[in-house]
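Note that the structure is a prediction, hence the values are computed from the model and not measured. Quick note: numbers below take in every heavy atom, side chains included, and nothing from hydrogens, waters or symmetry partners.
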Amino acid sequence: MSLPAQLQDELDRLARQAQAGDRQALDELTVLIAPQVLRRCARVLPFTADAEDAAQEALLAIVTGLPGFAGRSRFSTWAHQVATRAAFAAYRRMRTQAERMQPVTTEPVDPLRVSVLAGARVDLVEALERLRGEHPELAEAVILRDVAGLEYAEIADELGIPIGTVKSRLNSGRSRLRTALS
């Protein structure tokens, strides 16, 4: 899902002004990007409260990371990537916390049936995490396309690679995920 070009232009303009120290531009920027950030987080964390917490963390990361935004891509592409990372980080924290709180039993827990994320595909998120550890370039392409919903051209721009390489990485990454999930 791509944002309209006019909105992307406005976000880019506000980001440049905010980087220059314009507080009002920063406020406008966060108001405009907040709904998209929440949607990105909700794609990983379907439980509303978890997605909202991750979105707040993502907005904070966007604001604090704005001085380092180099402008090699659209601001919205960068912000969506920050939001996706925040959602996965929140997932990892919740999983770790749930594992600590889980009573010791002799029966293994089936992650496909029991979820701390109220219905999230725990198996898929964990498979993406494994892929990220083994092949980060493949995972990044899959996450940007299938989780963040970016277009091929946006991914190519963000990663600095040709569109053909994006498609190849997506194909390989999805294939590895299918194998891991079967």
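The residues Asp9 and Arg74 are annotated as salt-bridged, a charged nitrogen and a carboxylate oxygen being separated by less than 4.0 angstrom. A salt bridge links Glu140 with Arg85: the distance from a Lys NZ or Arg NE/NH1/NH2 to an Asp or Glu carboxylate oxygen falls below 4.0 Å.
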Carefully, step by step, assess Gln36 and Arg40 under the rule side-chain hydrogen bond (donor to acceptor under 3.5 Å, both in side chains).
CA-CA 6 Å; Gln36 287 85 16; Arg40 297 295 176 210; over 6 Å; no

Using the side-chain contact (heavy atoms from CB on, under 4.5 Å) rule, take Leu29 and Leu66 through it: C-alpha gap first, then chi angles, then the decisive distance, then the call.
CA-CA 11 Å; Leu29 184 66; Leu66 190 58; 4.2 Å; yes

Could you walk me through whether Arg174 and Arg178 pass the side-chain contact (heavy atoms from CB on, under 4.5 Å) test, one step at a time?
CA-CA 6 Å; Arg174 288 171 177 162; Arg178 274 192 297 277; 3.9 Å; yes

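A distance of 11.0 Å separates OG1 in Thr30 from CG in Leu60, rounded to the nearest 0.5 Å. From Arg176, atom CZ reaches atom CD of Glu134 across 7.5 Å, with rounding to the nearest 0.5 Å. A distance of 7.0 Å separates CD of Glu129 from CD1 of Ile143, quoted to the nearest 0.5 Å.
No donor-acceptor pair closer than 3.5 Å links the side chain of His135 to the backbone N or O of Leu131. Under the 3.5 Å distance criterion, the side-chain polar atoms of Ser172 are matched with a main-chain donor or acceptor of Ser168. No side-chain donor-acceptor contact under 3.5 Å links Arg43 to the backbone of Thr84. For Ser175 (side chain) and Asn171 (main-chain N/O), no donor-acceptor pair under 3.5 Å exists by modelled atom type.
The side-chain heavy atoms of Ile155 and Arg145, taken from C-beta on, include a pair separated by under 4.5 Å.
Across all their heavy atoms, Ala86 and Ala54 have their closest contact at CB-O, 3.8 Å.
Ring pair Phe69/Phe75 is perpendicular by interplanar angle, where above 60° counts as perpendicular and below 30° as parallel.
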